[in-house]
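For reference, the structure is listed below as structure tokens.
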Number of protein chains: 2
Amino acid sequence: MQTRTPRRRVARAERERQILDAAVTVFSGRGYQNASMDAVAEVVGVTKPVLYSHFGSKEGLLLACVARVRTELLEVTSAAAAAADGPEDMLRRGTLAFFSYLDAQKPSWSLLYTEASVSPAAAAALEEIRAQQTDFIAGLLAAQAPDAAPQRLAGWAHVIVGACERLALWRGSTPDCEPRTSAADATEHLMDLVWTGLAHQRS
Amino acid sequence: MQTRTPRRRVARAERERQILDAAVTVFSGRGYQNASMDAVAEVVGVTKPVLYSHFGSKEGLLLACVARVRTELLEVTSAAAAAADGPEDMLRRGTLAFFSYLDAQKPSWSLLYTEASVSPAAAAALEEIRAQQTDFIAGLLAAQAPDAAPQRLAGWAHVIVGACERLALWRGSTPDCEPRTSAADATEHLMDLVWTGLAHQRS
DNA sequence: CCGGTAACCTACCACGGGTAACTTAGCGGC
DNA sequence: GCCGCTAAGTTACCCGTGGTAGGTTACCGG
């Protein structure tokens, strides 16, 4: 019954975009494990080998999705930090931008933080993102506590990154009832403990 | 050439133990994804259907591993906390016990925090562990800051749990060179920021 | 010594990731 | 306007791995 597929051909870059969009949707929807490549292909309206000609493997496709999210995340947080004056404001604005982005891009968020850990390569990419964040934050901390040992600064930075991630997961997992903690509140919870603690370090 | 397997029969509980041990080894070694059930079976010295008769599915086996780690983790941390006097010491001793356990049981640790997120059920179980930790810590915080809003206490508790987890991952991922941050140092890094920050909250 | 049960194995299915080889849409040259 | 070349797409397939049906045999109680 269905009309004979006219088999429209599409420019390579455009197809790539389509496939990435579909992959984020399907992967975050059913979960990476349960999502078959055929399912992604069907959403795009093509067949499996097309995906493989663009991304090489299922893991490659996931990696491309992660890379895209990484770029967007980096853009949005560094833009926010650039508008700040002083380390504290930088941390606050950057954190707020982080939470806000994850709010706005829920599928991308769940892909990153609940699906990416399946494949070693994607997990490594995620770890790379964290390393980026950690280094950036360690820099802020160094400005505030210039005489702390590097190892200590690194430890603190990891504390902050972990705290952000868990707060994000917490916010994301509140079912539907009980309107979840706002991005602003989450940011303040973090600053409450972390920046206050930093400020009173061996004064 | 190999001797005809005498097909020794083994009591059910004992087999279960053997299988769990093998599963932790194999899963944490090759990664849950790449580890086939046949591989686990081979280590135990039986064939696949035996595993299925005991644990139902690959996911079921993973869940059983996670449950066992959960029990051990709960035991060791609550024992440490019981020996403390006052909330601050409880948090410090509990955290230290947490890091020390993960140090001592590396395969279990990597199974929990790098392999468990593949299956929805295992991820849920891990989330359950976190909820347990969060509730416990929220209680400690409440003792210290009795007039803070519950939502705020919960946020702080998530900050701490996330920080612990990330510190653990950081410590676990330092390759081989550069002797990694000790469990005691990691604990202090956490207390530096978090407890100090808490102590100076709207005094 | 002998029956019964439960632990075990052989042989198989189905599904999904990945690929080889063919087809055809659509653009450039004449 | 027509032709051919290239790259986008397709069909049809392989094989590894999760999962299972049904037969086989070791051990325990009588």
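Just so we're on the same page: letters track the sequence lines, and every chain starts at 1.
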Task: Rounded distance in Å - CD (B/E14) to C1' (D/dC27) - done: 17 Å

TODO: Under 4.0 Å between any heavy atoms, over every strand shown, what does B/S53 touch: base, sugar-phosphate, or nothing? Just pick one.
DONE: nothing

TODO: Could you tell me whether B/E72 atom CD has more than 12 heavy atoms of other residues or ligands within 6.0 Å of it?
DONE: yes

Open item on the list: Tell me the interatomic distance from B/Q33, atom CD, to D/dT17, atom P, rounded to whole angstroms.
Closed with: 12 Å

Open item on the list: Among D/dG9, C/dC8, C/dG17, which nucleotide has an atom closest to any side-chain atom of A/M37?
Closed with: C/dG17

TODO: Check the distance between C/dT19's C1' and A/Y52's OH and give it to me in whole angstrom.
DONE: 10 Å

TODO: Give the nucleotide from the list C/dG18, C/dC9, D/dA8 with an atom nearest to the side chain of B/V50.
DONE: C/dC9

Task: Phosphate OP1/OP2 of C/dA7 contacted by B/R12 side-chain N/O (<4.0 Å) - done: yes

Task: Under-4.0 Å side-chain N/O to phosphate OP1/OP2 contact, B/R15 with C/dC8 - done: yes

Open item on the list: Is it the case that the side chain of A/T196 and the backbone of A/L193 share a donor-acceptor pair, with hydrogens and angles ignored and the cut-off at 3.5 Å?
Closed with: no

Open item on the list: What contact category does A/A35 fall into here, base, sugar-phosphate, or nothing, at under 4.0 angstrom with non-hydrogen atoms?
Closed with: sugar-phosphate

Open item on the list: Between P on C/dG17 and CZ on A/F55, what's the gap in Å once rounded to a whole number?
Closed with: 16 Å

- [ ] Rounded to the nearest angstrom, tell me the gap between atom OH in A/Y32 and atom P in C/dG16.
- [x] 14 Å

Task: Length of the CG-C1' vector between A/L51 and C/dG18, whole Å - done: 11 Å

Open item on the list: Under a 3.5 Å distance rule, please check whether A/T114 uses its side chain to pair with a backbone N or O of A/L111 as donor and acceptor.
Closed with: no

TODO: Could you state the atom-to-atom distance from CG of A/D38 to P of D/dT10 in whole Å?
DONE: 12 Å

Task: Stepwise salt bridge (Lys or Arg N to Asp or Glu O under 4.0 Å) check, A/R166 with B/E127 - done: CA-CA 11 Å; A/R166 184 105 297 272; B/E127 209 55 45; 3.1 Å; yes

- [ ] Decide yes or no, distance alone: a donor-acceptor N/O pair under 3.5 angstrom between the base of C/dG17 and the side-chain of A/K48.
- [x] yes

Open item on the list: Given the structure, check if the side chain of A/K58 and the base of C/dG16 hold any donor-acceptor pair shorter than 3.5 Å.
Closed with: no

Open item on the list: What is the distance, to the nearest angstrom, from the CG atom on B/L62 to the P atom on D/dG18?
Closed with: 13 Å

Open item on the list: If the cut-off is 4.0 Å, is A/T47 near the phosphate of D/dG9, judged by side-chain N/O to OP1 or OP2?
Closed with: no

- [ ] Compute both the distance and the angle, then confirm whether B/K58 meets the cation-pi test with B/Y32: under 6.0 Å from the six-membered ring centre, within 45 degrees of the axis.
- [x] yes

